[in-house]
Amino acid sequence: MGDKLVLDNAKKAAAYKAVDEYVKDGMNVGIGSGSTIKYAVDRIKELGLKVTCVPTSFQSTQLIIEAGLVLSDLSRTPKLHVTIDGADECDKDFNIIKGGGACQLQEKCVAYVSDTLLIVADYTKDSVQLGDTWKKGIPIEVIPMAYVPVMKKLESLSLKPVLRMAVNKAGPVVSDNGNFIIDAIFTPPLQNIPQLAIDIKMIPGVVETGLFINMAKKLYFGQKDGSVISKTL
Ligand SMILES: O=C[C@H](O)[C@H](O)[C@H](O)COP(=O)(O)O
């Protein structure tokens, strides 16, 4: 089997298991973003679960619509039973980096109002410390007018900020919210991650960081052989 197929099978296994364990008829469900969450939506559809879905991006809105599931939003459905979402990297203490697809702002808003946040990912996202496998840094959403001072401030926090550039479009990536994304590259280990998350968030112009601390209840990592290792703290 090719590497991509092995990874896709691992993602699918993780997503299916999370849905099977947690999602029940009548629930309000947050739908994360990325390549893994697609399988969670597939499973919800396959099981015919009667749930109300709140998306976390344009992409996840499309997934919900294409699957024929009930689409809502945080204005109409401000309290969720469970959110299922992907991750770029998770450490042994459940510190998580998200935002590889620039969706971390809406993802965090949706996760924050959920009773339970479940992370579904393939085995490459399961790390001892952040930065072991994810080399693209911490995604940080910033308002466009402030990106230069934010980058300078990030440098003073020993991070190496890079403005994320678009592919097939001249200029920077523009998020679903009209903002820029700075990827703050770091050399592991990161010191005091909860404090770092606060320090970054406090910089004027920063809208949200891709550091998800103390948020996930359970992590599901699909393995090469199609099994799933799940972790709770
Ligand atoms: O911005 C994107 C999200 O945080 C994704 O959930 C994250 O990048 C993981 O995506 P994938 O499931 O494609 O690895």
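Numbers here are sequence positions counted from 1. Counting convention: from 1, in listed order, for ligands and their atoms alike.
Ligand 1 is never approached by G32 to a heavy-atom distance shorter than 4.0 Å.
Under 4.0 angstrom from ligand 1, the non-hydrogen atoms of D85 all belong to its side chain. Neither the backbone nor the side chain of S57 has any atom closer than 4.0 Å to an atom of ligand 1 (non-hydrogen atoms only). Only the backbone of A102 comes within 4.0 Å of ligand 1, judged by heavy-atom distances. Contacts of C103 with ligand 1, taken as heavy-atom pairs under 4.0 Å, involve both backbone and side chain.
With salt bridges taken as basic N to acidic carboxylate O contacts below 4.0 Å, none links D8 and K12. Salt-bridge annotation for D20 and K17: absent, with no side-chain N of the basic residue lying under 4.0 Å from a carboxylate O of the acidic one. Residues K160 and E155 are not paired through a salt bridge, judged by the lack of any N-O separation under 4.0 Å between the basic side chain and the carboxylate.
Each of the following atoms of ligand 1 lies closer than 4.0 Å to a heavy atom of S33: 3 (C), 5 (C), 6 (O). Within ligand 1, counting atoms from 1 as listed, the ones closer than 4.0 Å to a heavy atom of D88 are 7 (C), 8 (O), 9 (C). Using a 4.0 Å cut-off to heavy atoms of E107, the atoms of ligand 1 that qualify are 2 (C), 3 (C), 4 (O), 5 (C), 6 (O). The distance from ligand 1 to the heavy atoms of K98 drops below 4.0 Å at these ligand atoms: 3 (C), 4 (O), 5 (C), 6 (O). Ligand-side atoms of ligand 1 in range of G101: 1 (O), 2 (C), 8 (O), range being under 4.0 angstrom from any heavy atom.
Counting only non-hydrogen atoms, the option in S35, G86, G100, G210 that gets closest to atom 11 (P) of ligand 1 is S35.
Both cation-pi conditions hold for K98 and F212: the charged atom is under 6.0 angstrom from the six-membered ring centre and inside a 45 degree cone around its axis.
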